[in-house]
Colleague: 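Sharing a structure here in structure tokens format.
The analysis underlying the following values was restricted to heavy atoms, covering all of them including side chains, and did not include hydrogens, waters or symmetry mates. Quick note on labels: first sequence line is chain A, next is B, and so on, each numbered from 1.
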Amino acid sequence: MATQVLQNPLELPISARLAKNLKRNFVERVIEFMLMLAALSAVATTLAIVFVLIYESFAFFEHVSIVAFLTDTQWTPLFEDAHYGIMPLVAGTLTTSIIALLVAVPIGTIGAIYLSEFASHKTREIVKPILELLVGVPTVVFGYFALLFVTPMLQKIFPGLPSFNMLGPGIVMGIMIIPYISSVAEDAMRAVPMSMREGSYAMGATRFQTAIRVVTPAATSGIVAAYILGISRAVGETMVVAIAAGQQPNLTFDPMESAATITAYIVQVAMGDLPHGSIGYQSIFAAGLVLMIMTLVFNILGHLTRKKFREAY
Amino acid sequence: MVTATTPIKAESRDLNFYYSNGTRALKGISMPLYENKITALIGPSGCGKSTFLRCFNRMHDLYPGNKYDGQIVMHPDNTNVLAHGVDPIEVRMRISMVFQKPNPFPKSIYENVAYGLRVRGEKNKRNIDDKVEEALKGAALWEEAKNRLHDLAFNLSGGQQQRLCIARALATDPEIMLFDEPTSALDPIATANIEELMSELRNKLTILVVTHNMQQAARVSDYTAYMYLGELIEYGDTDMIFTRPTRKETEDYITGKFG
Ligand SMILES: Nc1ncnc2c1ncn2[C@@H]1O[C@H](COP(=O)(O)OP(=O)(O)OP(=O)(O)O)[C@@H](O)[C@H]1O
Ligand SMILES: [Mg+2]
């Protein structure tokens, strides 16, 4: 048995108490600093990327006027007769992304509603890992899947469809994005408190009415976040379009034609051996900058929509 | 109170209930709900009050593996709401419920109240407007809400939200209304409002209310049931239960010697 009574810390002289706190404070500070460092590394990387993009783009825009960049209808930086109109690449990016979203948003949303509100525990345990598996498939595989399987199938329906087109890779990209949308949206729906569902059932609503009229609106903010993630994935996706859409910059929104996207152009050029500092080399960065701005705009739009729908339970 | 001549709206007959994990939460409960009366359920935490209440509108059906054994018969049609052939949605159309914590939907005040009508397929805007107004008046929320019907329900205070939930439950003209500790999340003034409301609602429908608050049971209810460990220990006139309980356990609980 300890006979000595533990000293009440408040009875210690003030300097002793402070010393203890100092030590604790120091440890806290070190931990805080290391956590901040980890967070900063992500921010710093992003800033570095933005800096390089802007820096190299500046060099590019010393040779090419912004007006020509935005209005020229051709993108042929590597040709003798060079044109630097970004619009054909933007059109390719938008067209393939829109096709992908037309596939992924409805299927992803319905999938999320099914998994969260209708599927039994057992079904969910089986389906979720399969969806996660789909996320792990390398995008090259999806690219060849589009080129060698989906496009030939589409050609049976549309006989005039060229081997390289935007429709096939757009659809495949959509399939690729479904798991992202459905899993984020499902998480949002499952976070809706059970008491809200019970309120709906108690009013005599069916399971479907509860899912559509109560759970989905309650989860809107998270569902929109899922769509933003999907859009970012679609706009930034590279391999599928590089392989199956043709790599031919082409100012068109017709999904039956071949085209190049911004990302496809970047890999195409980056894989060649352009001299550092040449205008072709710099054009990658200008294209990259446009891609980043597009993603940023979608993110801001999404953020505003989320704010509008944000719910407090 | 002239019990003998008051018609019975619903009664449980030898009701047992088993949760999916095998817990037997109710043990042979038989008890009436008199029409246009308020029946209070009291008892220590975990004795099965909520479980019993939620049998009436088949809320336990929402979770797999739960099992009812016994009957809850509604009058005058003699329907056993627990029977296999009976659609729980039909039951919930007749028996509505107000929860412990206000749980409005992420919709406007108007749409919250209109919800029950909409899920029943009502499309006529005039009818819905009328019903919404009537229900909000019935829940004593009309004056506060009439100029902001299209505001999000979450912007109301807790007490207002609870009255909104009552309006929502009223809008479909239920025969019975279940309240599970409806005032436990509210301050004394909001509580008094809800209690007054319940007393008025008694003219329209039959009420079963779970409460932890002994004074509340004494104030608002006509009949009181004391439950303990899943059993109904005593049932009777509220006056009688609170002044001359016949069972020792009831007396101990009411006088605060236990629980
Ligand atoms: N989902 C469940 N699964 C298994 N057992 C449960 C479940 N819900 C409640 N129980 C058990 O059933 C018994 C009755 O619970 P119930 O919620 O009906 O009590 P209560 O009287 O409403 O209590 P309180 O006053 O705290 O709300 C308790 O022993 C509880 O542990
Ligand atoms: Mg309870």
Colleague: Whether the side chain of B:D130 engages the backbone of B:N127 through a donor-acceptor N/O pair (distance < 3.5 Å, no angle test) should be reported.
Modeller: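 Not a single qualifying donor-acceptor pair exists.
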Colleague: Among residues 166-182 of chain A, which ones touch chain B with a heavy-atom distance under 4.5 Å?
Modeller: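 None at all.
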Colleague: Within a strict 4.5 Å, meaning less than it, do heavy atoms of the B:I128 and B:Y110 side chains meet?
Modeller: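 They are in side-chain contact.
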Colleague: For the interface with chain A, which of B:V98, B:L62, B:I95 has the highest count of heavy-atom pairs at distances below 4.5 Å?
Modeller: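 Of B:V98, B:L62, B:I95, B:L62 has the most heavy-atom pairs under 4.5 Å with chain A.
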Colleague: For B:R168, which atoms come within 4.5 Å of any heavy atom of chain A: side chain, backbone, both, or neither?
Modeller: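 Both parts, backbone and side chain.
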Colleague: Are B:K204 and B:M177 packed together at the side-chain level, in the sense that at least one heavy-atom pair is separated by less than 4.5 angstrom?
Modeller: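 B:K204 does not reach B:M177 side chain to side chain.
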Colleague: Could you look at A:S120 and say if it's the side chain, the backbone, both or neither that has a heavy atom under 4.5 Å from chain B?
Modeller: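 For A:S120, no heavy atom lies under 4.5 Å from chain B.
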Colleague: I need the minimum non-hydrogen distance between A:T210 and A:Y201, along with the two atoms involved.
Modeller: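 Here A:T210 and A:Y201 meet closest at OG1-CE2, 3.6 Å.
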Colleague: Kindly indicate whether the side chain of B:L164, heavy atoms from C-beta on, has any atom under 4.5 Å from the side chain of B:L141.
Modeller: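 Yes, close enough: below the 4.5 Å cut-off.
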Colleague: Tell me, do B:R163 and B:I194 make a side-chain contact under 4.5 Å, heavy atoms counted?
Modeller: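 With C-beta onward as the side chain, the pair touches.
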Colleague: Stepwise, does the side chain to side chain donor-acceptor pair (under 3.5 Å) test hold for B:N213 with B:T211?
Modeller: CA-CA 5 Å; B:N213 180 331; B:T211 178; 5.4 Å; no
Colleague: For a 4.5 angstrom cut-off between non-hydrogen side-chain atoms, does B:N193 reach B:Q162?
Modeller: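 SC-SC contact between B:N193 and B:Q162 ruled out.
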Colleague: Evaluate the side-chain proximity of A:M189 to A:I113: yes if any heavy-atom separation is below 4.5 Å, no if none is.
Modeller: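 A side-chain contact under 4.5 Å exists here.
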Colleague: Do the non-hydrogen side-chain atoms of A:R190 and A:R124 ever get within less than 4.5 Å of each other?
Modeller: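 Yes. Closest side-chain heavy atoms under 4.5 Å.
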Colleague: Please classify the contact between A:R213 and chain B as side chain, backbone, both or neither, with a heavy-atom cut-off of under 4.5 Å.
Modeller: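 Contact with chain B involves both backbone and side-chain atoms of A:R213.
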Colleague: Please determine whether a side-chain nitrogen of the Lys or Arg among B:K125 and B:D129 lies less than 4.0 Å from a carboxylate oxygen of the Asp or Glu.
Modeller: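 The answer is yes: the pair qualifies as a salt bridge.
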Colleague: Using a 3.5 Å distance criterion without hydrogens, assess whether the side chain of B:S199 forms a donor-acceptor pair with backbone atoms of B:E195.
Modeller: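 It does hold such a pair.
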Colleague: Looking at B:K49 and B:E181, is any side-chain nitrogen of the basic one under 4.0 Å from a carboxylate oxygen of the acidic one?
Modeller: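 Looking at B:E181 and B:K49, the cut-off is not met.
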Colleague: Using non-hydrogen atoms and a limit below 4.5 Å, what part of residues 66-92 of chain B faces chain A?
Modeller: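 Within residues 66-92 of chain B, the residues under 4.5 Å from chain A are B:I89, B:R92.
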Colleague: So, B:E175 side chain and B:R94 main chain: donor-acceptor pair closer than 3.5 Å or not?
Modeller: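 The answer is no, because no donor-acceptor pair under 3.5 Å joins these two groups.
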Colleague: Taking all non-hydrogen atoms of both residues into account, name the closest pair between B:L205 and B:P174 and its distance.
Modeller: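 Closest approach of B:L205 to B:P174, heavy atoms only: CD2-O, 3.6 Å.
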Colleague: Just by distance, do the side chain of A:T238 and the backbone of A:T263 share a donor-acceptor pair under 3.5 Å?
Modeller: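 No, the answer is negative, given that no donor and acceptor are paired below the 3.5 Å cut-off.
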Colleague: Could you list which of residues 50-60 of chain B have a heavy atom closer than 4.5 Å to any heavy atom of chain A, in residue-number order?
Modeller: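 Within residues 50-60 of chain B, near chain A: B:R54, B:N57, B:M59.
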Colleague: Using a heavy-atom distance cut-off of less than 4.5 Å, which residues of residues 111-124 of chain B contact chain A?
Modeller: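 Residues of residues 111-124 of chain B touching chain A at under 4.5 Å: B:Y115, B:G116, B:R118, B:V119, B:R120.
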Colleague: Quick check: do A:H303 and A:I228 have side-chain heavy atoms less than 4.5 Å from each other?
Modeller: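 With C-beta onward as the side chain, the pair stays apart.
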Colleague: Heavy-atom distances under 4.5 Å only: say whether B:P104 touches chain A with side chain, backbone, both or neither.
Modeller: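 It is the backbone, since no side chain atom gets that close.
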Colleague: Angle between ring planes, A:Y114 versus A:F118, binned at 30° and 60°: parallel, tilted or perpendicular?
Modeller: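 Because their plane-to-plane angle is under 30°, the rings of A:Y114 and A:F118 count as parallel.
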Colleague: Return yes when atom OH of B:Y63 has more than 12 non-hydrogen atoms of other residues, nucleotides or ligands closer than 6.0 Å, and no otherwise.
Modeller: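 Correct, the count exceeds 12.
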